[in-house]
Amino acid sequence: MQRTQKVVLSTAKIISYGLFAIIISYLFMVSIFNTCVMCYIDEHIFYVKDFGILMVFGIAVFLLLCAFAELRWEKAKRNISDSTTPVSKPYGNTAYHVGTLLWFVVLLLLIFTISLRPQYDPGSVYDAAGSLLRGDFSEWQQGGYLYTFPFQNGLVLLEVPFWVLLGEKAYLGIQVYNLILWYVAILGLCYLAKEFFGEHVSKITYVILLMFIPMWSYVTYVYGTVPGLSFSVLAMCFEHRYEKTGRWKHLLFCAICLFIAVMYKSNYEIFAIAVGIMLLLHGIKNKTWKSIVGLILVVVAVVLEIKLIPYVMHILTGADTGNGIPMIAWVAMGLKESNIAPGWYNRFTVLAYEECQYNIAAVQQRSVASIQETLKLFADNKDYAISFFGRKIASMWSSPDLEGFSTIGKMNVNGTLPYWMKDIFYGGGIMNTVLLLVLDVFQSMVYALVLVHLLLKRKKITLEQIVLLTTFLGGFLFHLFWEGKCQYSIPYYVLLLPYAASGFVEVVMHIKELLNMPKNARFAQVYKSVTARVLGIGIAVVLICTVWNGNAIQSMIRMQSDTGEWIYFIQNSTYWKSNDFRFGELYYKQEE
């Protein structure tokens, strides 16, 4: 029995760790050869060329400079008799307090300066919350938004209190609430980073998360993305606290947080599954029935949300809330082309629902037929299948701003966004170009540092540390077939940042050790190092991918097909510079 237990746990760790390493390696290769940029007119994705060798060289130089800087800083501290003592928390000294305060001030100014009402899906949910208060239940009747997308009912209920308190300006209250919850998520991720990788990594994680600009945009996004992420991270923290203390209250808080997270956005069920897996593994490892009960609590929380919210909404509106587009339709859409990028929204779900006259069984039948047709197309055209998934993955995971600029730019339907902000959020703006370059390098560096962490910590990883990577794996694999969107990938991308911080600390420490060695010993150490050999193989792979023009490389790693079109677009499509530019007008004119 004990041997079986050991085999199960080791297998789970190896599969998670190995699959994660393969996916991150692939994402790194895609990121150094491609940058995916969203067009501000109709949101289609450009696949723009990156220079892989230059990117790798730049990352290496940056890390060397960091190691040199830290060596100089350590030398300076030794020369100062009254050097400060390290604190126990990432926010426990004056520098962190001041930085955090400035961060709050900047984001509050961003919220109130933009002051844009939510549009499109977020706007439909937001308006439905106001309608619910007024007793207008038309959106829950056949053909209405909530009749079609009943999984949004939880978010509607959670936005109602803001309407009660703030009325028409409720969206500003929700954005401030998002800001607070994003900070809670930051603290939660830093707590996990400290538990898994130590104090120093936690501090660096804190700084990286504060400075992670794409999430600044999502703070203004009146949707379930940020709140759902926050409560999911809290659930992970409570699950970890349970593993350390064995207390029932942490299991209960974990289940409650997951219930709320799934209310905000049904996709956070993936986080619930990951937490459930960790509880199962903990129960097997420690032979405790408590963990199995905790797993049952997590399942009950998710199932209760799925069943309870429609029932509550039925009582409030009197409408049939058991309909809606079936899940299989979203998979069918996720395997089709769209005018944005492969697998992104293309109206298949809505059109199928309407054309089948809201008959769920008919929609399911059509969706299954669509999936079978797509799979046959993939089987008959393997090159196309490789290209489809290559472009879909790149569009979701190699976009530097992760759709953050678009989330704000799309809200400018009344033309009230000031010019300096349009310069940031629309393609072709000077600040937009600068930020894209910075974020592009940052994104490649994140993937590189996660790989460094996996390489240098390969013998020290514990079962508890795989919770974040397991969640990432779930999100990556799920959205490989589900509808694609950077809005869906960013919660999982954020989970990589503690691993990247750990990789940064490890590589700087190793470089410092080498720099402190005599030259002869330094060469011998590098020659004997397994890590150096693996890095050498990695550089060789990058060189091969740079010069080899095979179909697989072109389809999966070096898409780069839209570089000329992107350059032409940013030079000639400058409609956003006019004072009366309103997002959506050009797009609707094209459709007409």
Trainee: Is there a donor-acceptor pair under 3.5 Å between the side chain of Thr374 and the backbone N or O of Ser370?
Mentor: yes
Trainee: Which residues satisfy the side-chain hydrogen bond (donor to acceptor under 3.5 Å, both in side chains) test with Tyr447, sequence neighbours excluded?
Mentor: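 With neighbours one apart ignored, the set is empty.
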Trainee: What class does the angle between the rings of Phe231 and Tyr264 fall in, given that below 30° is parallel, 30 to 60° is tilted and above 60° is perpendicular?
Mentor: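 Parallel: the ring planes of Phe231 and Tyr264 meet at under 30°.
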Trainee: Between Asp42 and His44 (side chain of the first, backbone of the second, donor and acceptor by atom type, cut-off under 3.5 Å), is there such a pair?
Mentor: yes
Trainee: Can you list everything that forms a salt bridge (charged side-chain N to carboxylate O under 4.0 Å, His left out) with Asp423? Sequence neighbours excluded, please.
Mentor: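 With sequence neighbours excluded, Asp423 shows a salt bridge (charged side-chain N to carboxylate O under 4.0 Å, His left out) to no residue whatsoever.
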Trainee: For Ser202 and Cys190, indicate whether the former's side chain and the latter's backbone hold a donor-acceptor pair under 3.5 Å.
Mentor: yes
Trainee: Could you tell me which residues satisfy side-chain contact (heavy atoms from CB on, under 4.5 Å) with Ser124, sequence neighbours excluded, listed by chain and number?
Mentor: Tyr145
Trainee: Quick one: does Gln119's side chain have a donor or acceptor within less than 3.5 Å of a partner on Asn412's backbone?
Mentor: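 Absent.
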Trainee: For residues 477-487, which residue pairs pass the salt bridge (Lys or Arg N to Asp or Glu O under 4.0 Å) check, not counting sequence neighbours?
Mentor: none
Trainee: Any sub-3.5 Å donor-acceptor pair from Tyr499's side-chain atoms to Leu469's backbone N or O?
Mentor: yes
Trainee: Can you tell me which residue among Tyr419, Phe405, Tyr575, Phe581 is in a ring-ring contact (aromatic ring centres under 6.0 Å, His included) with Tyr426?
Mentor: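 Answer to the ring-ring contact (aromatic ring centres under 6.0 Å, His included) test with Tyr426 among Tyr419, Phe405, Tyr575, Phe581: Phe581.
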Trainee: Keeping the roles fixed (side chain from Asp50, backbone from Phe33), state whether a donor-acceptor pair exists under 3.5 Å.
Mentor: no
Trainee: Who are the salt bridge (charged side-chain N to carboxylate O under 4.0 Å, His left out) partners of Glu269, not counting sequence neighbours?
Mentor: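 Salt bridge (charged side-chain N to carboxylate O under 4.0 Å, His left out) list for Glu269, sorted by chain: empty.
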Trainee: Going by ring-ring contact (aromatic ring centres under 6.0 Å, His included), name the residues that satisfy it together with Phe28, two or more places apart in sequence or in a different chain.
Mentor: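 Counting only residues at least two positions away or on another chain, Phe28 forms no ring-ring contact (aromatic ring centres under 6.0 Å, His included).
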Trainee: Verify, without hydrogens or angle tests, whether Asn346 (side chain) and Asn339 (backbone) share a donor-acceptor contact under 3.5 angstrom.
Mentor: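 Pair absent, no side-chain N/O of Asn346 close to backbone of Asn339.
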Trainee: Tell me if the centroids of the rings in Phe583 and Phe425 come within less than 6.0 Å of each other.
Mentor: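 No, they do not, as the ring centres are separated by 6.0 Å or more.
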Trainee: Can Asp440 and Thr35 be counted as having a side-chain donor-acceptor contact under 3.5 angstrom?
Mentor: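 Side-chain D/A pair, Asp440 to Thr35: present.
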Trainee: Looking at Glu565, is its backbone amide N or carbonyl O close enough to the side chain of Asp562 to form a donor-acceptor pair, meaning the two atoms are under 3.5 Å apart?
Mentor: no
Trainee: Can you sort out the partners of Lys410 under salt bridge (charged side-chain N to carboxylate O under 4.0 Å, His left out), two or more places apart, ordered by chain and number?
Mentor: Glu43
Trainee: Show the atom names and distances, to 0.1 Å, of all donor-acceptor pairs under 3.5 Å that link a side chain in residues 18-27 to residues at least two apart or in another chain.
Mentor:
{"from": "Ser25", "atom 1": "OG", "to": "Ala21", "atom 2": "O", "distance (Å)": "2.7"}
{"from": "Tyr26", "atom 1": "OH", "to": "Met556", "atom 2": "O", "distance (Å)": "2.6"}

Trainee: How long is the gap from OG1 on Thr416 to CD1 on Ile114, to the nearest 0.5 Å?
Mentor: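 It comes to 10.0 Å.
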Trainee: Here's a test for you: under ring-ring contact (aromatic ring centres under 6.0 Å, His included), which of Phe271, Trp397, Tyr492, Tyr17 qualifies with Phe472?
Mentor: Trp397
Trainee: Got a sec, which residues hit salt bridge (charged side-chain N to carboxylate O under 4.0 Å, His left out) with Arg366, two or more places apart in sequence or on another chain?
Mentor: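 Scan of Arg366 (salt bridge (charged side-chain N to carboxylate O under 4.0 Å, His left out), adjacent residues dropped) gives Glu355.
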Trainee: Report yes or no: does Thr407 contribute a side-chain atom to a donor-acceptor pair with the main-chain N or O of Tyr221 at less than 3.5 Å?
Mentor: no
Trainee: Side chains of Tyr223 and Gln487: is there a donor and an acceptor less than 3.5 Å apart?
Mentor: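 Per modelled atom types, Tyr223 and Gln487 side chains form no pair under 3.5 Å.
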Trainee: What class does the angle between the rings of Tyr384 and Phe378 fall in, given that below 30° is parallel, 30 to 60° is tilted and above 60° is perpendicular?
Mentor: tilted
Trainee: Are any side-chain N or O atoms of Ser489 and backbone N or O atoms of Met396, one a donor and one an acceptor, separated by less than 3.5 Å?
Mentor: yes
Trainee: Would you call the rings of Trp103 and Tyr183 parallel, tilted or perpendicular, taking 30° and 60° as the class edges?
Mentor: tilted
Trainee: As an exercise, state the distance from CE of Met327 to OG1 of Thr349, rounded to the nearest 0.5 Å.
Mentor: 13.0 Å
Trainee: Quick one: salt bridge (Lys or Arg N to Asp or Glu O under 4.0 Å) pairs with a partner in residues 377-396, sequence neighbours left out?
Mentor: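 Applying salt bridge (Lys or Arg N to Asp or Glu O under 4.0 Å) to every pair that reaches into residues 377-396, excluding sequence neighbours, yields Glu337-Arg391, Lys376-Asp380.
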Trainee: Can you label the angle between the Trp576 ring and the Tyr40 ring as parallel, tilted or perpendicular, going by 30° and 60°?
Mentor: perpendicular
Trainee: Looking at every heavy atom in both Asn178 and Tyr218, which two are closest together, and how far apart are they?
Mentor: ND2-O, 4.1 Å
Trainee: Of all residues at least two apart in sequence or in a different chain, which pass the side-chain hydrogen bond (donor to acceptor under 3.5 Å, both in side chains) check with Glu159?
Mentor: none
Trainee: Applying side-chain contact (heavy atoms from CB on, under 4.5 Å), name anything that partners Ala128, two or more places apart in sequence or on another chain.
Mentor: Trp140, Leu146, Val156
Trainee: Would you sort out whether Tyr171 and Ser115 count as a side chain to side chain contact (heavy atoms under 4.5 Å, CB included), showing the intermediate values?
Mentor: CA-CA 9 Å; Tyr171 63 91; Ser115 191; 3.7 Å; yes
Trainee: Using every non-hydrogen atom in the two residues, find where Leu456 and Glu506 come nearest and quote the distance to one decimal.
Mentor: CD1-CB, 3.5 Å
